[in-house]
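This report refers to the structure that appears directly beneath it.
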Amino acid sequence: MTKTPTILTGIRANSELTLGNFLGALIPMVRLANQHSETAHINIFVPDLHSIISEVDGELQQNIIKPLKNYLAAGLSLNEHVHFYRQSHVPAHSELCWILNCVASMGDLNRMTQFKDKSEGKESVNVGIFDYPVLMAADILLYDAEYVPVGEDQFQHLELTRRIAEKFNKQYADIFTLPAEPKQQVAFMQVGEAIRIRDLQNPEKKMSKSSQSANSKIMLSDTPEQAKKKIMSATTDSVGKISFDMFNQPGISNLLQIDALVNNAPLQEIVSTWAGETHYGDLKQKVAEDVAVFLCDFQRKLATISDQEVLEQLKIGEEYANKIANAKLLEAQKAFHLR
Ligand code: TYM
């Protein structure tokens, strides 16, 4: 009997999500889930143990529920194949992480750019920040997930997951399914190319929740007016023509990419609409309007989703996740003669 495949993704819960999270990961996952949930398991979880690598407070509980409400507001249809769960409610994640720590190499972890970014300039860095890609590998490998729809910034962690699984399978027991390579993930996500929404003020960088400057990121909770202002003040360039060229015109290209995604239109279509145009202000105006409409619509839907709805899904989802994860963990424990 062939096994039902699993499509899996996670979104951290530290704060409100940005438009980058939404367009880069959430929307593609909702589309895939709605396409495949008759024939595949759709695992959508909140990696709350990842959240505590940075400072958290009493808001965390509410912030764990919020990303899941966002999926529902973005149009995710629920059925018995769609599973919501919290990482810390499935203890096998931390248990497998420890086992994989004894397989992963320091050299590989030292190369992770997110670790370099997150630790840069800090006097003291906690071990969780260094080790979190191994926990991410456990998140994926416990469920034999082949497809893991994520934004481009997570591809290095996917590659690491593949390397850890390969090493484990070769040296201990052949028990893990390798997630597909990033190139195949992008093809599966049907997004044309990997999505990386840029920081509005410094488009060399990705739009990030943790950015200190409020104008650099659009939050899903921004009022349409706030979002418009941020787009109108986005950094552009002095080239003087509107074209898609992430290397030489990252700011303008970012606006074109955002406009395509909020309108659910092919990027090429948006780019050709602007071919030959030179007025950056007109482009900003159009993107600002489109993002404002998009946010209004999304926020209206979000207001209709209750915490209770999510809590009910978590109860069922965590029962399922514990069953699958414990079975895979047992295989890994046996491979190490722990059982
Ligand atoms: P996190 O919470 O930082 O981001 C959640 C998702 O949003 C995507 N993303 C972006 N996409 C495009 N442009 C951007 N500017 C942008 N910013 C964020 C991320 O790529 C991600 O898909 N380690 C993960 C969470 C995680 C996970 C997992 C994901 C933990 N375990 C297992 C998948 C599978 C993270 O910190 O994502």
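Everything numeric here is computed off the predicted structure, so don't read it as measured data. We use all heavy atoms of the structure for the numbers below, so side chains are in, but hydrogens, waters and symmetry mates are not. Counting starts at 1 for both ligands and their atoms, following the listed order. Sequence positions, counted from 1, serve as the residue numbers for this chain.
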N/O to N/O below 3.5 Å, does that happen between [X] and ligand 1?
{"X": "Gly10", "value": "no"}
{"X": "Asp153", "value": "yes"}
{"X": "Asn21", "value": "yes"}
{"X": "Arg12", "value": "yes"}
{"X": "Gln154", "value": "yes"}
{"X": "Met207", "value": "yes"}

Which of the atoms of ligand 1 are close to [X], meaning less than 4.0 Å from one of its heavy atoms?
{"X": "Arg196", "answer": "12 (C), 13 (N)"}
{"X": "Phe45", "answer": "28 (C), 31 (N), 32 (C)"}
{"X": "Pro47", "answer": "25 (C), 26 (C), 30 (C)"}
{"X": "Gly24", "answer": "11 (N), 12 (C)"}
{"X": "Lys209", "answer": "2 (O)"}
{"X": "Val150", "answer": "20 (O), 22 (O), 29 (C), 33 (C)"}
{"X": "Tyr132", "answer": "23 (N), 36 (O)"}

Nearest heavy-atom neighbours spanning [X] and [Y]:
{"X": "Arg300", "Y": "Asp297", "result": "NH2-OD1, 3.0 Å"}
{"X": "Tyr143", "Y": "Lys3", "result": "O-NZ, 4.5 Å"}
{"X": "Ile252", "Y": "Ser243", "result": "CG2-O, 3.7 Å"}

How does [X] reach ligand 1, by side chain, by backbone, by both or by neither, if only non-hydrogen atoms under 4.0 Å count?
{"X": "Asp139", "result": "side chain"}
{"X": "Leu135", "result": "neither"}
{"X": "Phe22", "result": "neither"}
{"X": "Leu23", "result": "neither"}

Exercise. Taking atom types as modelled and ignoring hydrogens, do the side chains of Asn215 and Gln201 form a donor-acceptor contact shorter than 3.5 angstrom?
Worked result: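 Asn215 vs Gln201: no donor-acceptor pair found between side chains.
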For this session: Give a yes-or-no answer on whether the side chains of Asp48 and Ser88 include a donor-acceptor pair shorter than 3.5 Å.
Result: yes
For this session: Using atom types as modelled and distance alone, determine if a side-chain donor or acceptor of Lys230 lies under 3.5 Å from a backbone N or O of Lys217.
Result: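 The answer is yes, because a donor-acceptor pair under 3.5 Å joins these two groups.
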Exercise. Short question: side chain of Gln313, backbone of Phe84 - any donor-acceptor pair under 3.5 Å?
Worked result: no
Exercise. Which is closest to atom 13 (N) of ligand 1 in terms of heavy atoms, Ile197, Asn43, Asn254, Val148?
Worked result: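 Answer by nearest heavy atom: Ile197.
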Exercise. So does Lys116 have more than 12 non-hydrogen atoms from other groups sitting under 6.0 Å from NZ?
Worked result: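 Check passes, neighbour count above 12.
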Exercise. Linking I/L/V/M/F/W/Y whenever any side-chain heavy atoms sit under 4.5 Å apart, do Ile11 and Ile65 land together?
Worked result: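 Same hydrophobic cluster.
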Exercise. Among Val90, Leu338, Leu96, whose side-chain contact (heavy atoms from CB on, under 4.5 Å) with Leu329 holds?
Worked result: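 It is Leu96, the one option of Val90, Leu338, Leu96 that forms the side-chain contact (heavy atoms from CB on, under 4.5 Å) with Leu329.
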For this session: Check side chain to side chain contact (heavy atoms under 4.5 Å, CB included) between Asn70 and all other residues, then give those that pass, not counting sequence neighbours.
Result: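 Residues passing side chain to side chain contact (heavy atoms under 4.5 Å, CB included) with Asn70: Leu17, Leu26, Leu220, Phe298, Leu302.
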Exercise. Between Lys328 and Asp144, is the closest basic N to carboxylate O distance under 4.0 Å?
Worked result: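 Yes, Asp144 and Lys328 are salt-bridged.
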Exercise. So is Arg198 in contact with ligand 1, going by heavy-atom distances below 4.0 Å?
Worked result: no
For this session: Compute the ring centroids of Tyr147 and His36, then answer whether they are less than 6.0 Å apart.
Result: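 Aromatic pair excluded; centres sit 6.0 Å or further apart.
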Problem set entry | Nearest-neighbour protein heavy atom for atom 8 (C) of ligand 1, which is reported as residue plus atom name and distance |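 Minimum-distance protein heavy atom for atom 8 (C) of ligand 1 reads Ala25 CB, 3.8 Å.
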Problem set entry | Top protein contact for atom 10 (C) of ligand 1, by heavy-atom distance | Gly20 O, 3.6 Å
